[in-house]
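Nothing fancy with the numbering, it's 1 onward along the sequence.
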Amino acid sequence: MKAIEFTRYGRPHEVCHCIEVADAPAPNKGEITIAVEAAAINPADLLILEGRYPGPKPPARQGIEGVGKIIAIGEDVTEFTIGDRAMLLGRNNWVEQQTMLASQAIKIPEDLNILQAAQIKANPPSALIMLENYEDLNEGDWVIQNAANSAVGLHVIRLARSRGIRTVNVVRREALIKPLKDHGADLVVLEGSDLSDRVREEIREARMPLAIDAIGGISCMNLADCITNGGTVVNYGFLSGDPCMLTPTHTIVRQIKLVGFWLATSLFAKSQDIIKATYAEIAQMFIDGVLYSPVEATYTLDQVTEALEHAGRTQRSGKIIFTPNGPIS
């Protein structure tokens, strides 16, 4: 069967190759075998391949997200039946088939679109938990975020809007302003050292206790300038590669907190019941149309070079998704 392997750190489309590997073994006790139908390319995947994010050392396989159908079941597996669709919790999902412990899969509804399902593992729970766990947000409050055109950013916009919370969305290109407003953003502004002045001119003295930072560096500091005294900056991304920046005025005088978010500890370290309940809630939000993830293109595994080059482009309108067992109509 086919799988994608990277042999060294570097530009993702240059270091990854589609290779032939042994078929997934028959499941043993407590295991299942899944045919992977769709696997999104996540920004963290690209950073791992570049050696800039925690992950396996090469040579290794990759793929943070993936969903598929169960094609074989081992002894003592009671929560799944053959034909069920499941999301994979492991990190090597750019492959045609996988055999794994049943506890490493989450059953998902059949009426959830497969390309949407391929994107629910990482970004939607990140957006949901960051909105819920760090500040008590009330209807009418504001949240500010950078990298607002990212998948997490789009989910923050839609989740906040569904709860009556308003969003300030910081981007680096003017061409992103209209698409984000069409997506439901309340205010979209360009990055810059005068960000706070421009934001406060729009929202005045409105309460904005939460900032969500994907970039670090000075961009993190610009967000901190904007939020209400006593508020929280949540950093979840490595995009700039620079340390998060806050000044003593932020932390001492204004009592602004800087905390880090990582889904591995914020969700996957929780009980299986909490993990299942979280994904059941997220799946239903996709089915109901509260959440939606645009898809720009799909590729088979043997198109890995084209897929990863496409995923690395800065000007995209949606996710790039592998379809390991062939195109999805």
Is any side-chain N of the basic residue among Glu191 and Arg173 closer than 4.0 Å to the acidic one's carboxylate O?
no

Between Tyr299 and Phe322, is the ring centre distance below 6.0 Å?
no

Asp23 side chain to Met1 main-chain N or O, any donor-acceptor pair under 3.5 Å?
yes

Side chains of Asn222 and Ser219, donor plus acceptor under 3.5 Å:
no

Exactly one candidate in Thr251, Ile256, Ile252 meets side-chain contact (heavy atoms from CB on, under 4.5 Å) with Arg254; the answer is Ile256

Treat each ILVMFWY residue as a node, draw an edge where side-chain heavy atoms are under 4.5 Å apart, and state whether Val152 and Tyr53 are in one component.
no

Once rounded to the nearest 0.5 Å, what's the spacing between atom CE of Met130 and atom CG of Leu263?
9.0 Å

Check this for me: does any side-chain nitrogen of one of Arg198 and Glu202 sit under 4.0 Å from a carboxylate oxygen of the other?
no

Are Leu187 and Ile177 connected in a single hydrophobic cluster, I mean Ile/Leu/Val/Met/Phe/Trp/Tyr linked by side-chain heavy atoms less than 4.5 Å apart?
no

Atom SG of Cys220 and atom NE2 of His250: how far apart are they, to the nearest 0.5 Å?
8.5 Å

Quick one, Ile282 and Lys121 - any side-chain contact, counting heavy atoms below 4.5 Å?
no

Name of the residue among Val304, Ile64, Ile41, Val36 meeting side-chain contact (heavy atoms from CB on, under 4.5 Å) with Trp94
Ile41

Could you check if a side-chain atom of Glu37 sits within less than 4.5 angstrom of a side-chain atom of Arg85, using non-hydrogen atoms only?
yes

Any side-chain donor-acceptor pair under 3.5 Å between Asn93 and Gln98?
yes

Does the Asp186 side chain pair with the main chain of Thr167, one donor and one acceptor, at a distance under 3.5 Å?
yes

Salt bridge present between Arg11 and Glu309 (N-O < 4.0 angstrom):
no

Within 6.0 Å of CG in Asn229, more than 12 heavy atoms from elsewhere:
yes

Say whether, by atom type as modelled, one donor and one acceptor occur between the side chain of Asp288 and the main chain of Val290 under 3.5 angstrom.
no

Measure the shortest side-chain to side-chain distance between Thr300 and Pro327 over non-hydrogen atoms and say whether it is less than 4.5 angstrom.
yes

Atom of Pro209, atom of Thr228 and distance for their closest heavy-atom approach
N-OG1, 4.1 Å

Once rounded to the nearest 0.5 Å, what's the spacing between atom CG of Asp45 and atom CD of Glu50?
11.0 Å

Validation row: Leu308, Leu46 side chains within 4.5 angstrom (heavy atoms)
yes

Taking atom types as modelled, find out whether Glu296 and His310 have a side-chain donor-acceptor pair closer than 3.5 angstrom.
yes

Kindly work out whether a path of hydrophobic side-chain contacts (I/L/V/M/F/W/Y, heavy atoms less than 4.5 Å apart) joins Tyr134 to Ile144.
no

When clusters are formed by joining ILVMFWY residues with side-chain heavy atoms under 4.5 Å apart, either directly or through shared neighbours, do Phe238 and Ile218 land in the same one?
no

Taking Arg204 for its side chain and Ala206 for its backbone only, find out whether a donor-acceptor pair lies under 3.5 Å.
no

Any Gln119 side-chain heavy atom under 4.5 Å of Val295 side chain:
yes

For Leu159 versus Pro124, what's the shortest heavy-atom pair and its separation?
CD1-O, 4.4 Å

Tell me if the centroids of the rings in Tyr292 and His155 come within less than 6.0 Å of each other.
no

Is the closest basic N to carboxylate O distance between Asp302 and Lys2 below 4.0 Å?
yes

Determine the minimum heavy-atom distance between Asn146 and Ala214, stating which atoms define it.
OD1-N, 2.8 Å

Between CE of Met87 and CD1 of Ile120, what distance do you get to the nearest 0.5 Å?
5.0 Å

Are Leu131 and Leu223 grouped together when hydrophobic residues (ILVMFWY) are joined by side-chain heavy atoms under 4.5 angstrom apart?
no

Does the Asn28 side chain pair with the main chain of Gly30, one donor and one acceptor, at a distance under 3.5 Å?
no

Check whether any side-chain heavy atom of Phe261 sits under 4.5 Å from a side-chain heavy atom of Ile129, and report yes or no.
yes

Can you find a side-chain donor-acceptor pair between Asn169 and Gln145 that sits under 3.5 Å?
yes

Counting C-beta onward and ignoring hydrogens, is there a side-chain heavy-atom pair between Arg200 and Asp197 closer than 4.5 Å?
no

Between Glu31 and Thr99, do the side chains contain an N or O donor and an N or O acceptor separated by less than 3.5 Å?
no

Report the distance from atom OG1 of Thr232 to atom CD1 of Ile212, rounding to the nearest 0.5 Å.
11.0 Å

Nearest-0.5 Å distance that lies between atom CG in Leu128 and atom CG in Leu267
9.5 Å

Got Asn138 and Arg207 here, is their nearest side-chain heavy-atom distance under 4.5 Å?
yes

Would the distance check show the side chain of Arg316 and the main-chain N or O of Ala311 forming a donor-acceptor pair, the cut-off being under 3.5 Å?
yes

